[in-house]
Number of protein chains: 2
Amino acid sequence: MKSDDTPAVATEPEASTPPRRRKAHIRHSNEAHLLACAEAVFAERGLDGASTAMIAERAGLPKANLHYYFPTKLDLYRRVLEDVFEEWHRAADTFESSDDPADAIAGYVRAKMALSRRRPLGSKVWANEIIHGATHMQDILTDRVKPWMETRITMIDDWIERGLLARVDARTFLFTIWALTQHFADFDAQIQALAGKRALSKKAFEATTEEVVALVLRACGASPVDAGDASGAVADSGTRRD
Amino acid sequence: MKSDDTPAVATEPEASTPPRRRKAHIRHSNEAHLLACAEAVFAERGLDGASTAMIAERAGLPKANLHYYFPTKLDLYRRVLEDVFEEWHRAADTFESSDDPADAIAGYVRAKMALSRRRPLGSKVWANEIIHGATHMQDILTDRVKPWMETRITMIDDWIERGLLARVDARTFLFTIWALTQHFADFDAQIQALAGKRALSKKAFEATTEEVVALVLRACGASPVDAGDASGAVADSGTRRD
DNA sequence: GTCTATATGTTGATAGAC
DNA sequence: GTCTATCAACATATAGAC
């Protein structure tokens, strides 16, 4: 983290690559490496807190080199946001994996949790940008996220009409899934401070994932996909009345 | 917002106030006004993105005056964080308002949603700080939030053992409530972009609040407190099985 | 495609007259 | 308690030799 001499060489070009392709490869490899380092620094410090010098240092390149590949800091930031969106979008496909609501929703929640685990830094950059007004990603939200959301709302409303789901507000329900799953990436510092641990182990994260799946499925009134030990059921008193 | 001449006079001192008290009043009033302006700028831009010049300008005071009241930017930032925590802590008392889990949980969710509505900027400063590692509030988390959480976990586990709640992981369930309720403050830019609206009206926010209450109560297997039109019930097929 | 040196602006913080 | 003038440090971005 505070390394004064990170080598950070990103996949050396092969010896026998022809000149054209080698240059293209260098560009591609340096860009990818810079993007990864930028994602980390933007996640840790935010757009304003991150300096091009910090990103370049982490990448093991001189600052001028960074500006050679990405003319301005904002260009680099935009590219990071777009990358994060593309991965989110791939995970979002899970929603269509099944026509059974419990299946589809559980699958989506698991995919989102896995993403929070695998790429928490991207989630943080995204969250940070939205908190500060989403000024640099209005187009992504309007042109890409919104259309996706509209189709899923139709899907959910259809499930409700067929009696497969409780009468939830579809939009609020989708926000629920996002808020919950991304919380484990964005707020991990708080989770660690309150749980007194350094970081969640793979096993603990999987347990938490199933806990979240169960919470979400109950919240929307979909029955559990596979009955775990005691996941979906109220202890013994069923639906209580006073 | 881009006003070049915000007056921003915070409650003028009364004419007949004795000199001592008047000076004290000036200090108190200026500090409070600066804290409010700082909260807004920190929320919009983050710790690094916010400059003392911006905060001072919004407060209608020269920058040197800000540094007279708050020696460093970090001092000011810390005070904002502490203020936000104190209000959060007051809302958290709602949890103890009833021994009935549905009552207590619904009340807490409503209090948290009301806070998100009334003071979204504070929530954003808090979220921003956690995303970037919570380095300036480790003590608040450890000394104040964690003890609060431990007692509520005991409470929830007790409800579960008495069969009043589904077998949820208490910690994850509390994170669920936080993630969900704070989402409507922190991510409002995304919500507005995706809903295509400027901002949620008071009525719309209240409807969303009840939707969230219903989701949370179902998620933890507590029965609804007061049966609304169709809030807590699965449409007609009850707990479905394939 | 790489990198040293530098131009130009902004930042947090202070000095010191009022 | 107020505020103008100022400073050293650091920011983004570029010039131009290699």
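Every chain is numbered from 1, with letters handed out A, B, ... down the list of sequences. In this text, all values refer to a predicted model and were calculated from it rather than measured experimentally.
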Interface limits on DNA chain C, where chain A has a heavy atom under 4.0 Å of a nucleotide atom: C:dG1 to C:dT4
Pairs involving residues 34-58 of chain A, ordered by first then second residue, that meet ring-ring contact (aromatic ring centres under 6.0 Å, His included) (sequence neighbours left out): A:Phe42-A:Tyr77
Nucleic acid contacts - residues 63-78 of chain A versus DNA chain D, non-hydrogen atoms under 4.0 Å: A:Lys63, A:Ala64, A:His67, A:Thr72, A:Lys73
Distance flag, aromatic centroids of A:Trp148 and A:Trp88, threshold under 6.0 Å: yes
Sugar-phosphate only, base, or nothing, as touched by A:Ala50 at under 4.0 Å among non-hydrogen atoms: sugar-phosphate
For A:Asp139, salt bridge (charged side-chain N to carboxylate O under 4.0 Å, His left out) partners two or more places apart: A:Arg78
Contacts of type side-chain hydrogen bond (donor to acceptor under 3.5 Å, both in side chains), residue B:Thr72, not counting sequence neighbours: B:Asp75
Spacing of A:Asp48 atom CG relative to D:dC10 atom C1', expressed in whole Å: 14 Å
Donor-acceptor contact present, side-chain B:Glu211 to main-chain A:Asp169, <3.5 Å: yes
Within residues 191-200 of chain B or reaching into it, pairs that qualify as side-chain hydrogen bond (donor to acceptor under 3.5 Å, both in side chains) - sequence neighbours excluded: none
Expected output: side-chain A:Glu31 to main-chain A:Tyr69 donor-acceptor under 3.5 Å: no
Greater than 12 external heavy atoms within 6.0 Å of B:His136's NE2: yes
